[in-house]
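In listed order, ligands and their atoms are each counted from 1. Nothing fancy with the numbering, it's 1 onward along the sequence.
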Amino acid sequence: MQELNSDTRTLTASAWNGFDFVALVKKIKNWGKELGFSELGIAGADVSATTPKLLRWLELGRHGEMNYMAKHAALRAQPETLVPGTLSVVTARLPYLPAAAECEQVLGNRELAYISRYALGRDYHKTIRNRLQKLANRIHGEISQSEQESSFAYRVFSDSAPVMEVEFARQSGIAWRGKHSLALTRSGSWHFLGEIYTTLPLPPDELISEHCGTCIRCLEACPTAAIVAPYEVDARRCISYLTIELAGPIPVELRPLIGNRIYGCDDCQLCCPWNEFAQLGDPDFAVRNGLDATSLATLFSWNEQAFMTRLEGSPIRRIGHTRWLRNIAVALGNAANTAEASAALSTRLEHPSALVREHVRWALAQIHSDSS
Ligand code: SF4
Ligand code: SF4
């Protein structure tokens with residue numbers, strides 16, 4: 001992270017003495033493409049129009065146990081509080097859809113584990129931040145050559161701080177907000193977002209028009225009815241939240257709806273017509289360890305050591321082995337192959353974690369009630 005110098009904190013556009021920011025933005029977009037980003041845009045650092053929606057979402061408790069969302073709401077709502085002097089946001093998106101993403105087949109085979117497509121390969125946080133850092137270095141080089149008295153200060157992000165990522169993507173014209181609340185484009189939504197907050201007064205891009213129209217496929221496809229209205233997701237019902245963010249027990253009434261999804265959920269993207277035009281993702285996010293089609297029983301057999309070793313460099317590691325077993329236990333309880341599921345579950349009946357034991361007992365009870 002680059003710290004801002006105190007002399008940049010009072011920076012204004014007028015300090016730049018006729019510098020050609022239009023030409024700079026053109027260069028930034030070309031450099032970004034060279035770094036593999038599919039699209040870049042520029043937004044002003046103002047999210048005041050959308051802040052009331054965030055506050056309402058928090059008031060309704062729809063963030064569940066993601067206390068950091070409430071704790072850092074002010075930082076999210078006021079970019080200049082997070083990084084003093086911020087005037088503009090450079091946004092970027094990087095596609096991640098792996099080549100062999102046979103989603104429907106895996107979702108339809110209850111012996112296999114479904115893992116959200118973004119998590120099948122390497123962790124995106126570092127990859128995107130490293131590329132944005134390279135982009136920032138090039139901007140810095142350009143500014144240095146111009147012998148301006150004002151300096152360039154910045155900080156790069158990718159899902160790594162309280163930043164309104166989708167809103168900045170929308171404002172910078174690289175996406176619109178789909179009714180599933182994700183950033184959507186004419187080439188779909190399988191992309192990561194990244195941002196550079198900067199003190200440069202860059203000219204913002206125009207918004208693009210929205211193309212959800214009368215479609216409500218994502219609302220209808222959500223297995224847990226978590227999209228409670230267009231553009232409104234109640235995280236407490238969302239499988240991504242339940243399998244990744246939630247630390248404690250998964251609500252019993254939602255467990256059967258989770259199916260074989262053990263880390264995240266893609267259903268609201270899989271059904272989206274715009275994803276028929278999706279580009280393949282960056283090679284950096286290729287599938288590792290066969291995670292796109294491995295059996296639940298195999299993944300459930302991994303001990304903590306195997307979990308840590310095999311998922312080195314994967315975003316999945318952040319949930320830890322206990323939540324991993326909790327999630328797979330639920331999926332095994334929902335599995336069709338009861339004999340194999342039952343045998344796998346029985347191996348964890350005495351697991352040291354009460355959370356795991358309780359989910360294992362629930363899963364075994366599901367299987368026995370199905371077979372009786
Ligand atoms: S990720 Fe899954 S559970 Fe969450 S809103 Fe989308 S479809 Fe619903
Ligand atoms: S499924 Fe339809 S409504 Fe939902 S995000 Fe895609 S286009 Fe928009």
Side-chain angles (χ1 to χ4, degrees), residues 50 53-54 57 60-66 69 93 95-97 101 103-104 106-108 110 112-120 124 159 165-167 169-170 174-193 207-246 250-279 292 315-316 318-319 323 326-327 330-331 334:
T50 202
K53 289 181 199 148
L54 169 68
W57 186 74
L60 292 169
R62 289 181 174 162
H63 57 299
E65 291 180 12
M66 293 185 283
M69 293 295 295
R93 64 183 189 89
Y96 62 74
L97 188 68
C103 308
E104 270 81 12
V106 177
L107 281 168
R110 292 299 176 93
L112 298 180
Y114 186 86
I115 292 174
S116 192
R117 304 295 92 172
Y118 83 83
L120 294 172
Y124 60 97
D159 193 19
E165 294 206 295
V166 176
E167 177 59 14
R170 190 190 74 80
I174 65 167
W176 73 90
R177 185 186 288 273
K179 290 181 188 172
H180 47 22
S181 86
L182 305 170
L184 182 55
T185 73
R186 284 174 177 272
S187 50
S189 56
W190 305 110
H191 47 230
F192 296 120
L193 299 175
L207 271 61
I208 54 168
S209 46
E210 302 185 0
H211 298 284
C212 280
T214 56
C215 175
I216 50 165
R217 279 198 211 177
C218 51
L219 282 89
E220 292 172 339
C222 177
T224 52
I227 311 176
V228 291
Y231 315 104
E232 290 186 38
V233 174
D234 188 337
R236 294 168 297 185
R237 298 190 64 83
C238 175
I239 295 169
S240 287
Y241 166 80
L242 296 170
T243 56
I244 299 171
E245 302 287 345
L246 181 69
I250 294 174
V252 173
E253 69 279 12
L254 296 177
R255 292 180 194 177
L257 307 177
I258 289 176
N260 59 348
R261 299 167 191 81
I262 65 160
Y263 187 95
C265 167
D266 291 327
D267 286 36
C268 52
Q269 299 191 78
L270 289 169
C271 69
C272 179
W274 289 110
N275 275 329
E276 285 167 28
F277 307 103
Q279 322 159 236
D292 54 338
I316 300 173
R318 62 186 273 235
I319 67 169
R323 272 188 240 177
R326 174 199 66 179
N327 296 348
V330 170
N334 294 330

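The ligand atoms of ligand 1 that sit less than 4.0 angstrom from a heavy atom of Thr224 are 3 (S). Using a 4.0 Å cut-off to heavy atoms of Pro223, the atoms of ligand 1 that qualify are 7 (S). Taking a cut-off of under 4.0 Å to the non-hydrogen atoms of Asp267, the atoms of ligand 1 that pass are 7 (S). The His180 neighbourhood of ligand 2 comprises atoms 5 (S), with distances under 4.0 Å to a heavy atom of that residue. Which parts of ligand 2 touch Cys215 is read off a 4.0 Å heavy-atom cut-off, strictly below it: atoms 1 (S), 2 (Fe), 3 (S), 7 (S). Residue-ligand proximity, Ile227 to ligand 1, at heavy-atom distances under 4.0 Å covers atoms 5 (S). Close contacts between ligand 2 and Trp274 involve ligand atoms 7 (S) [criterion: under 4.0 Å to a heavy atom]. Listed by number with element, the atoms of ligand 2 under 4.0 Å from a non-hydrogen atom of Cys272 are 1 (S), 6 (Fe), 7 (S).
Side chain to side chain, Arg93 and Tyr96 fail the donor-acceptor criterion of an N or O pair below 3.5 Å.
Between Arg236 and Glu245 no salt bridge is recorded (no basic side-chain N to carboxylate O distance below 4.0 Å). Salt-bridge check for Glu220 with Arg217: failed, with every basic side-chain N at 4.0 Å or more from each acidic carboxylate O.
Using a 4.0 Å cut-off between heavy atoms, Leu184 contacts ligand 2 through its side chain alone, with no backbone atom that close.
Not a single N/O/S atom of Cys265, whether from backbone or side chain, sits less than 2.8 Å from atom 6 (Fe) of ligand 1. Taking 2.8 Å as the threshold, Cys222 counts as a candidate ligand of atom 8 (Fe) of ligand 1, since one of its N, O or S atoms lies below it.
Nearest protein heavy-atom neighbour of atom 7 (S) of ligand 1: Cys268 N, 3.3 Å. For atom 4 (Fe) of ligand 2, the closest heavy atom belonging to the protein is Cys218 SG, 2.4 Å. Looking only at protein heavy atoms, the nearest one to atom 8 (Fe) of ligand 2 is Cys212 SG, 2.3 Å. In this structure, the protein non-hydrogen atom closest to atom 3 (S) of ligand 1 is Ile239 N, 3.2 Å.
Below 30°, between 30° and 60°, or above 60°: for Trp57 and His63 the angle between ring planes is between 30° and 60°, a tilted geometry.
In this structure, His191 and Ile174 have side chains that are not in contact, with every pair of non-hydrogen atoms separated by 4.5 Å or more. The side-chain heavy atoms of Leu219 and Lys179, taken from C-beta on, include a pair separated by under 4.5 Å. With a 4.5 Å cut-off on side-chain heavy atoms, Leu107 and Asp267 count as touching.
Between Ile239 and Cys265 the shortest heavy-atom distance is CB-CB, 3.7 Å.
When atom types are taken as modelled, the side chain of Asn327 and the backbone of Tyr263 share no donor-acceptor pair closer than 3.5 angstrom. Asn334 places no side-chain N or O within 3.5 Å of a backbone atom of Arg110 that could act as its donor or acceptor partner.
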